[in-house]
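For reference, the structure discussed in these notes is given below.
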Amino acid sequence: QVQLVESGGGLVQAGGSLRLSCAASLRIFASYAMGWFRQAPGKEREFVAGISGRGSSTYYGDSVKGRFTISRDNAKNTVFLQMNSLKPEDTAVYYCAANTKNYVRYDVSAMDFWGEGTLVTVSS
């Protein structure tokens with residue numbers, strides 16, 4: 001079965017840091033692009049960061065570029081999101097997702113598998 005499990009969410013002060021992890025059960029994890037998305041109450045789910053199968057290419061949403069870093073450890077079937085300089089507007093449920101297709105896309109509709117999310121709350 002395919003399973004993505006996020007962890008590492010919690011409460012952090014503005015300006016602080018947090019690292020999210022996503023453990024994947026995908027059989028050939030290294031073949032798939034992975035992404036992080038987030039959704040705040042009453043808002044659309046949005047792209048945060050993406051990474052290619054081997055980790056050679058990374059992509060970021062405009063609102064997090066320069067503050068967040070996505071990485072992966074294929075030996076452990078895990079993808080990470082290091083979040084620095086957090087702002088209250090970063091507060092959201094963060095989701096890990098996998099793209100198993102032959103091309104790389106990171107919009108919500110392109111992702112094939114999703115985790116249940118982990119809540120990140122940034123206080124002022």
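Only this structure's heavy atoms are used, side chains among them; waters, hydrogens and symmetry mates stay out. These numbers come from a predicted model, not from an experiment.
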Any non-hydrogen side-chain atom of Leu11 less than 4.5 Å from a side-chain atom of Ser123? yes

Between the side chain of Arg72 and the main-chain N/O of Ser52, is any donor-acceptor distance below 3.5 Å? yes

Identify the two heavy atoms, one from Ser85 and one from Ser17, that lie closest to each other, and give their separation to 0.1 Å. N-OG, 4.4 Å

Minimal non-hydrogen separation, Ser63 against Arg67, with atom names: O-NH2, 2.8 Å

Please determine whether the number of non-hydrogen atoms from other residues, nucleotides or ligands lying under 6.0 Å from atom CD of Glu44 exceeds 12. no

Kindly work out whether a path of hydrophobic side-chain contacts (I/L/V/M/F/W/Y, heavy atoms less than 4.5 Å apart) joins Val5 to Ile51. no

Within the 4.5 Å heavy-atom criterion, are Val64 and Arg38 side-chain neighbours or not? yes

At what distance, to the nearest 0.5 angstrom, does CD1 of Ile70 lie from OG of Ser57? 11.5 Å

Set out, in order, the CA-CA distance, both residues' side-chain angles and the distance that settles side chain to side chain contact (heavy atoms under 4.5 Å, CB included) for Gln82 and Leu20, then state yes or no. CA-CA 6 Å; Gln82 178 66 47; Leu20 306 183; over 6 Å; no

Taking all non-hydrogen atoms of both residues, which atom of Gly50 and which atom of Tyr106 are closest, and how far apart? CA-CE2, 3.5 Å

Side-chain donor or acceptor of Thr121 paired with backbone N/O of Thr91 under 3.5 Å: no

Are Cys96 and Met34 packed together at the side-chain level, in the sense that at least one heavy-atom pair is separated by less than 4.5 angstrom? yes

Evaluate the criterion side chain to side chain contact (heavy atoms under 4.5 Å, CB included) for residue pair Leu18 and Leu86; output intermediate values, then yes/no. CA-CA 8 Å; Leu18 206 61; Leu86 284 162; 4.0 Å; yes

Can you tell if the side chain of Lys65 reaches within under 4.5 Å of the side chain of Asp62, non-hydrogen atoms only? no

Working for side chain to side chain contact (heavy atoms under 4.5 Å, CB included), residues Thr78 and Phe29: CA-CA 9 Å; Thr78 304; Phe29 177 74; 5.8 Å; no

Please determine whether the number of non-hydrogen atoms from other residues, nucleotides or ligands lying under 6.0 Å from atom NZ of Lys101 exceeds 12. yes

Say you draw a straight line from CE of Met111 to CG of Asn99; how long is it, rounded to the nearest 0.5 Å? 5.0 Å

Minimum heavy-atom separation for Ala14 to Ser124, with atom names? CB-CA, 4.5 Å

All heavy atoms of Trp114 vs all of Val108, minimum pair found to be CZ2-O, 3.5 Å

Step by step, work out the side chain to side chain contact (heavy atoms under 4.5 Å, CB included) result for Phe47 and Asp107. CA-CA 6 Å; Phe47 169 73; Asp107 54 294; over 6 Å; no

Determine whether Phe80 and Tyr59 fall in the same hydrophobic cluster, where Ile, Leu, Val, Met, Phe, Trp and Tyr are linked whenever their side-chain heavy atoms lie under 4.5 Å apart. no

Applying the 4.5 Å side-chain criterion to the ILVMFWY set and letting contacts propagate, would Val79 and Leu4 be lumped into a single cluster? yes

Are Tyr95 and Phe37 close enough that their ring centers fall under 6.0 Å? no

Mind telling me whether Phe68 and Tyr94 have parallel, tilted or perpendicular rings, with 30° and 60° as the class edges? tilted

Check whether any side-chain heavy atom of Phe113 sits under 4.5 Å from a side-chain heavy atom of Thr100, and report yes or no. yes

Looking at Ser25 and Gln3, what are the two nearest heavy atoms and their distance? OG-N, 2.5 Å

